[in-house]
Amino acid sequence: MPEATETPTPMVKAERVRKHFGRVEVLKGVDLEVMPRTVMCVVGPSGSGKSTFLRCINHLEQISGGRLWVDGELVGYRQRGGKLYELKEKEVAQHRRDIGMVFQRFNLFPHMTALGNVVEAPVQVRGANRADARRRGLELLERVGLGERCDMYPSQLSGGQQQRVAIARALAMDPKLMLFDEPTSALDPELVGEVLDVMRGLAEAGMTMIVVTHEMGFAREVGDQLVFMDDGVVVEAGNPRDVINSPQHERTQAFLSKVL
Amino acid sequence: MSATSTDDEAAAEIRAVPVRHPGRWVASALVVLLSAMFVHMLVTNEAFQWGFIRDNAFSAPVLSGAKNTLILTVLAMVIGVALGIVLAVMRLSPNPVLSGGAWIYVWFFRAVPRVVLLILFGNLGVLYAQYDLGVPFDRQIADLFGLSLDGRFLSVDANTILTAFVAALLGLALSEAAYMAEIVRAGISSIDEGQTEAAQALGMSRGRLMRRIVLPQAMRVIVPPTGNETIAMVKDTALVAFVPYYELFFQLQAIGSRTFQLFPMLVAACLWYLAITSVLMVGQHFLERRFSRGTRRSTDRGNRRALLANRTKAPENGSEDA
Ligand SMILES: Nc1ncnc2c1ncn2[C@@H]1O[C@H](COP(=O)(O)OP(=O)(O)OP(=O)(O)O)[C@@H](O)[C@H]1O
Ligand SMILES: [Mg+2]
């Protein structure tokens with residue numbers, strides 16, 4: 001446990017987080033901290049371990065070394081008397097409820113309407129009343145600009161609309177943290193803006209977010225922190241403007257010169 | 001052909017001469033001819049004995065046999081599908097005991113022919129004359145401590161519980177479950193892993209995400225082969241004669257043997273099975289429609305992209321083709 005201090009607990013805290021798949025070491029000691037109500041953007045070349053790190057945060061992947069906390073609680077383990085105990089599947093699921101995740105390929109449930117997608121988890125997981133959940137779901141769909149498309153199936157929506165439904169679906173669980181894994185990478189260029197607008201709105205409303213993205217404009221405007229990852233480590237982190245305008249590390253310079 | 005067209009031509013609805021298919025006409029004529037010959041043969045050939053078929057194909061024993069066939073099919077499929085789903089989920093479970101158990105089950109029941117299984121179940125009375133429900137190994141434990149103690153609450157005579165009907169049903173259902181397990185497993189595996197991840201990220205448990213997210217989508221893949229299995233089951237019920245239990249084919253054949261008119265009764269059997277299967281196919285059609293919700297337009301993103309792209313490009317293409 002991080003020591004109690006007068007500063008608020010970080011929403012996410014990673015200490016030398018390592019992850020390997022078999023022999024392949026994907027994360028080689030990631031350290032970072034995300035404070036509540038801030039936005040951290042993560043950039044880096046393909047294969048640098050950005051998605052893997054994000055998936056470790058909600059325990060879709062189990063870390064192999066280091067420590068990872070979400071809102072002061074260890075992810076996937078309980079520490080008692082210097083020993084780590086793996087959490088049961090049920091406890092892991094319980095932690096995941098408070099963390100929203102948005103995927104590059106949307107992953108909407110194709111057999112449910114937009115509203116069905118949004119209502120599913122509150123009703124099934126939180127045991128919410130269906131009528132209340134529908135009302136709340138409609139509100140959320142309005143908020144992402146899709147109120148009148150609530151009865152459409154994902155296959156009848158454009159990519160941008162699907163991704164906005166996916167955001168509404170995650171928000172329906174009232175998460176304290178939102179993870180975005182390249183939410184606009186699968187979108188046609190003209191659809192990227194509508195999704196980024198929704199995310200900007202969320203950030204302004206005070207949502208804590210970690211966003212893996214290649215949209216440097218978004219990172220600069222919305223991000224409170226920019227992290228550059230390469231080869232499984234955080235190479236450089238700081239204020240987005242500083243990192244983008246005057247990168248200190250040459251790997252960062254090389255990467256930025258390609259994407260800007 | 002000119003590369004450009006006048007505005008009028010481009011705007012008007014296309015009225016082109018459709019492609020002719022002379023081959024189809026020839027083939028159709030041939031099919032009509034052959035069908036006519038076949039029908040002529042059916043009507044004129046004495047061997048069919050249509051009057052005899054009409055009089056006997058609906059006699060009381062045949063109707064009761066048909067009822068047994070239907071009951072066996074429905075029950076065996078219901079049990080087979082339910083158990084198959086359980087086995088498939090077990091097989092995909094990270095727990096090695098569960099997945100190993102499911103593997104052994106499927107291995108055994110797929111290896112043993114249905115006929116053999118049915119004869120085996122028909123003779124299970126040989127194994128124990130009486131079935132007891134109670135504490136396992138009670139007598140052995142009692143012997144060990146020198147006590148005389150009996151931990152059985154319920155005893156049933158083998159012939160009461162293992163009636164021919166139960167033996168027939170078990171034989172069919174247990175073997176069906178093995179095939180269904182593989183069909184369901186294929187269906188579950190066909191669902192994108194992103195679906196499971198999205199559901200997990202929302203905090204769903206494994207059981208719930210199977211029930212709510214994966215299985216409903218897998219049904220689209222599962223239903224057509226299950227239709228096949230059901231139709232195969234209708235016909236495999238004929239095997240329960242080996243138990244022995246009396247169903248449709250057994251009764252028709254019995255009449256045939258008794259009256260020395262086997263051929264007409266075989267024709268009657270064909271007609272009966274055709275009728276039952278046709279009804280089942282209607283059911284399958286509605287099931288398939290039910291489980292294709294949300295997929296009427298392809299969910300494949302690649303296809304969707306192509307669709308969208310085509311739609312935006314369509315006007316240019318249209319005028320070029322005109
Ligand atoms: N389940 C897995 N098994 C084995 N290797 C994996 C697995 N998942 C990821 N990897 C490997 O981990 C490395 C990092 O993958 P990751 O998806 O985290 O990269 P990324 O930074 O998100 O890249 P991209 O920008 O392409 O999404 C890759 O080399 C990948 O092959
Ligand atoms: Mg990635």
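Convention: sequence-line order gives letters A, B, ...; per-chain numbering from 1.
Heavy atoms from other residues, nucleotides or ligands lying under 6.0 Å from CZ of B:F286 number 12 at most. Within a 6.0 Å sphere centred on CZ of A:R130, other residues, nucleotides and ligands contribute 12 heavy atoms or fewer. Within a 6.0 Å sphere centred on CZ of A:R126, other residues, nucleotides and ligands contribute more than 12 heavy atoms.
Not a single donor-acceptor pair under 3.5 Å links the side chain of A:H111 to the backbone N or O of B:V214.
Only the side chain of A:L60 comes within contact range of chain B, with heavy atoms under 4.5 Å apart. Heavy-atom distances place the side chain of A:F103, and not its backbone, under 4.5 Å from chain B. For A:E89, the part sitting under 4.5 Å from any heavy atom of chain B is the side chain, from C-beta outward, and nothing else. Using a 4.5 Å cut-off between heavy atoms, A:R169 contacts chain B through both its backbone and its side chain. At a 4.5 Å heavy-atom cutoff, A:M152 makes no contact with chain B through either its backbone or its side chain.
The greatest number of non-hydrogen atom pairs below 4.5 Å with chain B, out of A:T113, A:L108, A:N58, is found for A:L108. Highest contact tally toward chain B, considering only A:E120, A:R97, A:H95, is held by A:E120 [criterion: heavy-atom pairs under 4.5 Å]. Note on A:M173, A:Q124, A:R55, A:K90: by heavy-atom pairs under 4.5 Å with chain B, the leading option is A:Q124.
Below 4.5 Å, heavy atoms of chain A meet heavy atoms from B:D192, B:G194, B:Q195, B:E197, B:A198, B:A199, B:Q200, B:A201, B:L202, B:G203, B:M204, B:S205, B:R206, B:R208, all part of residues 189-209 of chain B. Annotation: residues 82-105 of chain B contacts chain A through no residue [non-hydrogen atoms, separation under 4.5 Å].
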